[in-house]
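This report refers to the structure that appears directly beneath it.
Numbered from 1 within each chain, the chains take letters A, B, ... in sequence-line order.
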Amino acid sequence: MFLEARARVEAILREATGEEDVLLADGGDHADLASTVAFGLARKRRQAPARIAQDLATDLAGRLEPDGIAVAATGPYLNFTFGPAYLAASVRAALAPGYGALPPGTGRVVLEHTSANPNGPLHVGHIRNSVIGDTLARAFRKAGYPTEVQYYVNDMGRQIAIVVWGMDHLGLEPGEGEKPDHYTARVYVAANRRLEAEPEITAEVDALMRQVEALDPATVKKFREAVASCLDGFRSTLADLAAPHDRFVHESDFLRIGDMERLLARFERRPEAHRDEVFWIDLSAHGIENRYVLRRSDGTSVYAARDLAYHVWKGRNADRVIDVLGADHKLIGASLQAALRMLGEVAPEIVFFEFVSLPEGSMSTRAGKFVSSDDLIAETRRRALEEVTARRPELSREEREAIARSVARAAIRYDIVRVSPEKATVFDWTTALDFERQSGPYVQYAHARACSILAKAGAWSEAFEYGSPHEVALAKQIARFPALVQQVVGELRPHLLATYARELADLFNTFYHFEPVLRAAGTTRDSRLTLVRAAQNTLGEALETLGIDALASM
RNA sequence: GGGCCUGUGGCUUAGCCCGGAUAGAGCGCCGGGCUUCUAACCCGGAUACCGGGGGUUCGAAUCCCCCCAGGCCCGCCA
């Protein structure tokens with residue numbers, strides 16, 4: 001209902017003032033919506049802002065009354081407050097399964113996230129990408145966009161060649177029960193040490209890269225097997241995080257099927273193209289001074305060329321192309337966008353996130369210096385199981401373990417997504433393992449409490465009468481969920497969802513504390529049960545969008 | 001050297017794009033609350049010259065300029 005009410009206020013305010021931008025904002029403590037148009041009109045009308053606000057309030061009151069919206073001037077501010085009819089309609093809407101969904105969008109979305117090189121396990125930096133990407137994908141689906149999530153697999157780069165060389169020459173065997181991506185890292189780290197000690201090995205790695213570019217069958221097979229095994233490890237980690245991909249697209253495909261060559265041919269006809277010792281594009285018209293190299297002097301292709309071919313393909317299959325990339329890719333991303341625009345192709349919208357470092361410095365797969373996501377997940381599950389066991393000793397081990405898995409995932413995903421992407425973070429075990437306030441488990445807990453009340457309620461019928469401040473505040477937060485979903489996909493800011501869910505849980509917990517539900521009687525009991533049901537549904541939908549299980553009991 | 005990002009109570013952070021009404025929150029600290037719907041909870045208290053300095057504006061954490069500090073990028077790597 002919030003979206004409808006806001007649109008209504010905006011339209012009427014526009015009509016009354018003749019202003020295009022009526023400066024409508026959240027009313028905070030004062031109201032549901034507030035406008036500061038009076039300040040701007042003061043100059044034009046040569047009247048005091050407070051006087052204008054007062055006149056507008058009088059003028060608008062009658063027109064908004066049928067919608068149950070009250071308007072008042074407080075000094076120069078115009079405050080709009082939604083009444084009982086709005087609350088009732090909002091709570092009713094929030095009872096429906098799938099609440100928060102927007103009318104189906106016409107556009108298809110292709111969203112790429114994670115896409116880490118398969119040279120070692122995903123670490124706590126990589127999964128910032130996964131969690132941001134997956135949350136956005138869930139938000140897009142909620143907002144009605146058919147969405148395909150892709151992982152772009154680098155299966156022919158130097159790092160993979162180093163892994164393949166290591167597999168061939170170092171004789172390292174996978175350990176008992178060792179996860180394949182961790183085995184890959186062991187080989188990769190050892191191979192890099194050998195390369196540092198014996199630089200002449202570089203020539204052998206270069207040879208591997210040339211052979212794979214030339215599509216030599218035996219070499220291609222080796223690369224593919226090394227990559228596939230590491231990816232199996234990734235899939236398992238991503239499944240633990242509930243951040244799955246619909247499709248894994250291999251970089252080498254664009255070489256093999258000829259897309260990349262066809263694309264390079266298109267660039268060759270451009271006036272911005274230059275051929276000296278290398279083939280490069282001049283992007284200075286787009287403010288990028290570095291030469292954008294697409295082919296090496298030995299004729300082999302670079303990553304950028306394959307990536308361009310990939311993005312052309314994505315753009316032709318979607319209306320919005322979204323990439324989630326680390327901030328170190330900003331220049332590369334801007335170059336990619338500029339080159340695609342030059343050809344009239346769809347350029348991706350890119351969500352950049354800043355780095356996650358360790359207290360002792362930045363992470364490095366090559367140096368073996370990182371906290372793997374698998375370790376984080378295992379440790380968080382262990383702590384969650386301790387917590388569940390302490391609270392719910394009567395449950396079976398299987399039940400406790402299932403809850404612990406969900407709680408651990410909630411803690412990890414929430415801890416990552418709650419911080420805005422442009423903020424660099426330092427990985428901290430203490431906050432990662434925190435299950436209180438401003439955490440995923442805290443939101444889960446509010447949901448479980450709601451479920452518990454509903455389970456004990458017996459028969460009741462829907463009612464929608466709300467008067468106490470706690471009821472009203474909760475209902476109003478519930479009402480905003482669809483607007484929030486719209487904002488997340490519009491601005492590509494998934495952390496808003498985390499903030500929203502936490503505030504909803506806060507308001508539910510306060511309501512829970514002050515307003516008895518089962519011990520109330522008559523319409524009050526019915527109305528409160530209806531509100532609990534709406535809160536439970538909205539919390540559940542918000543959690544689902546965050547990729548967190550909405551547990552009925554924990 | 002150039003470009004981008006960040007700087008908000010002791011710590012973590014929202015708000016900044018789209019300027020307005022006392023800058024929200026969590027952790028930690030102090031003090032309360034479980035014979036009552038799950039205390040992974042709730043209530044109260046102390047703690048902020050919003051990195052510094054100029055400017056624009058009736059009004060600046062928010063916009064502009066300069067400076068300081070930290071991070072990232074500037075490859076025929078990916």
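- Atom C1' of nucleotide B:G24 and atom CG of A:D26 are separated by 12 Å, given to the nearest angstrom.
- Taking a pair to require two hydrogen-bonding distances under 3.5 Å in either a Watson-Crick or a G-U wobble arrangement, B:G20 pairs with B:C58.
- The gap from the C1' atom of B:G26 to that of B:C41 amounts to 14 Å, rounded to the nearest Å.
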Which protein N or O atoms sit under 3.5 Å from an N or O of nucleotides 58-64 of chain B?
{"unit_1": "B:C58", "atom_1": "OP1", "unit_2": "A:R43", "atom_2": "NH2", "d": "3.1"}

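- Between A:G27 and A:P441, the one whose closest nucleotide on RNA chain B sits nearer the 5' end is A:G27.
- A:S527 meets the side chain to side chain contact (heavy atoms under 4.5 Å, CB included) test with A:A463, A:E465, A:Y466, A:T523; sequence neighbours excluded.
- Judged as a salt bridge (Lys or Arg N to Asp or Glu O under 4.0 Å), and not counting sequence neighbours, A:R366 has no contacts.
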(message) Treating primed atoms plus P, OP1 and OP2 as sugar-phosphate and everything else as base, which nucleotides of nucleotides 30-36 of chain B get B, S or - for protein heavy atoms under 4.0 Å?
(response) ------B

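- For the side chain to side chain contact (heavy atoms under 4.5 Å, CB included) test, residues two or more places apart in sequence or in another chain that qualify with A:Q159 are A:N117, A:N119, A:Y188.
- Using a 4.0 Å heavy-atom criterion, one finds that A:V388 contacts the bases of the nucleic acid, with or without backbone contacts as well.
- No donor-acceptor pair under 3.5 Å is formed between the side chain of A:R291 and the backbone N or O of A:D282.
- The side chain of A:L518 approaches B:C37 more closely than any other nucleotide in the set B:A78, B:C37, B:C41.
- In this structure, CG of A:L283 is placed 20 Å from P of B:C73, rounded to the nearest angstrom.
- Aromatic rings of A:F435 and A:Y442 (six-membered ring for Trp) have centroids beyond the 6.0 Å cut-off, not under it.
- Every residue two or more places apart in sequence or in another chain that forms a side chain to side chain donor-acceptor pair (under 3.5 Å) with A:E251 is listed here: A:R306.
- Base pairing annotation: B:G28 forms no Watson-Crick or G-U wobble pair, as no partner gives both donor-acceptor distances under 3.5 Å.
- Nucleic acid contact for A:G157: sugar-phosphate only, since backbone atoms but no base atoms lie under 4.0 Å from a heavy atom of the residue.
- Using a 4.0 Å heavy-atom criterion, one finds that A:E386 contacts no nucleic acid atom at all.
- Base contact: A:A34 has a heavy atom under 4.0 Å from a base atom.
- Judged by distance alone, with hydrogens and angles left aside, the side-chain atoms of A:Q477 form a donor-acceptor pair with the main-chain N or O of A:Y500 at under 3.5 Å.
- Among the heavy atoms of the strands lying under 4.0 Å from A:V278 is at least one base atom, whether or not backbone atoms are also near.
- Residue A:E289 is out of contact with every strand shown, counting any heavy-atom pair closer than 4.0 Å.
- Checked against side chain to side chain contact (heavy atoms under 4.5 Å, CB included), A:T431 has the following partners two or more places apart in sequence or in another chain: A:D415, A:D428.
- Separating the P atom of B:U12 from that of B:C66 is a span of 29 Å, rounded to the nearest Å.
- Put simply, CD on A:E515 is 13 Å from C1' on B:C37, counting in whole angstrom units.
- Nucleic acid contact for A:D29: base, since at least one base atom lies under 4.0 Å from a heavy atom of the residue.
- Between A:R437 and B:C42 there is a side-chain N or O to OP1 or OP2 distance below 4.0 Å.
- Residue A:N290 contributes atom CG, which lies 9 Å from atom C1' of B:C73 at whole-angstrom precision.
- Base pairing annotation: B:C4 forms a Watson-Crick or G-U wobble pair with B:G71, both donor-acceptor distances under 3.5 Å.
- Counting non-hydrogen atoms under 4.0 angstrom, A:A552 reaches a base of the nucleic acid.
- Using a cutoff of 4.0 Å between basic side-chain nitrogens and carboxylate oxygens, A:R409 and A:D549 are scored as salt-bridged.
- Using atom C1' as the reference point in both B:A23 and B:A14, the two lie 10 Å apart (nearest Å).
- Spacing between B:G45 and B:G9 at atom C1', rounded to whole Å, works out to 15 Å.
- When each of A:K314, A:Q150, A:H113, A:Q337 is tested with A:D323 by the rule side-chain hydrogen bond (donor to acceptor under 3.5 Å, both in side chains), just one qualifies, namely A:K314.
- At whole-Å resolution of the value, CG in A:D276 and C1' in B:C76 are 11 Å apart.
- Atom-to-atom, CD1 of A:I288 to P of B:G75 comes out at 13 Å; the value is rounded to the nearest Å.
- Comparing B:A39 with B:C18, their C1' atoms sit 42 Å apart, to the nearest whole Å.
- The separation between A:N509 atom CG and B:C37 atom P is 15 Å, rounded to whole Å.
- Residue-level contact check: A:F435 touches the bases, meaning some heavy atom is under 4.0 Å from a base atom.
- Comparing atom distances between the A:H329 side chain and each of B:G20, B:C72, B:A78 picks out B:A78 as nearest.
- Taking only side-chain atoms of A:Y512, from C-beta outward, the nucleotide of B:A39, B:C76, B:C73 with the closest atom is B:A39.
- Taking atom CZ on A:R158 and atom P on B:G75, their separation rounds to 17 Å, with Å as the unit.
- The side chain of A:S297 sits closest to B:C76 out of B:A78, B:C42, B:C76.
- Under the side chain to side chain contact (heavy atoms under 4.5 Å, CB included) criterion, A:T135 pairs with A:V131, A:R413, A:V417, A:P494, A:L497, A:L546, sequence neighbours left out.
- For the pair A:Y442 and B:C42, the criterion of a side-chain N or O lying under 4.0 Å from OP1 or OP2 is met.
- Partners of A:H470 under the ring pair (Phe, Tyr, Trp, His ring centres under 6.0 Å) rule, at least two apart in sequence or in another chain, are A:F514.
- Contacts of A:N79 with the nucleic acid, taken as non-hydrogen atoms under 4.0 Å apart, include base atoms.
- Within the 4.0 angstrom heavy-atom criterion, base atoms lie near A:I332.
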Side-chain donor-acceptor distances from residues 349-361 of chain A under 3.5 Å, at least two apart:
{"unit_1": "A:E349", "atom_1": "OE1", "unit_2": "A:R320", "atom_2": "NH2", "d": "2.8"}
{"unit_1": "A:E349", "atom_1": "OE2", "unit_2": "A:R320", "atom_2": "NE", "d": "2.8"}

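- Across B:C42, B:A25, B:A78, the shortest atom-to-atom separation from the side chain of A:R502 is found for B:A25.
- Going from the P atom of B:C65 to that of B:U6 covers 14 Å, rounded to whole Å.
- Contact of the A:S284 side chain with the A:E272 side chain is not registered, since no non-hydrogen atoms from C-beta on lie closer than 4.5 Å.
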(request) Treat primed atoms plus P, OP1 and OP2 as sugar-phosphate and everything else as base, then score nucleotides 5-17 of chain B 5' to 3': B for base contact with protein heavy atoms under 4.0 Å, S for sugar-phosphate contact only, - for none. (result) SSS----S-SSSB

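- A:H126 is linked by a side chain to side chain donor-acceptor pair (under 3.5 Å) to nothing, counting only residues two or more places apart in sequence or in another chain.
- Separation of the C1' atoms belonging to B:C72 and B:U56 is 32 Å when rounded to the nearest angstrom.
- Between the side chain of A:T114 and the main chain of A:A116, no donor-acceptor pair closer than 3.5 Å is present.
- Across the P atoms, B:C58 and B:G52 are found 25 Å apart, a figure rounded to whole Å.
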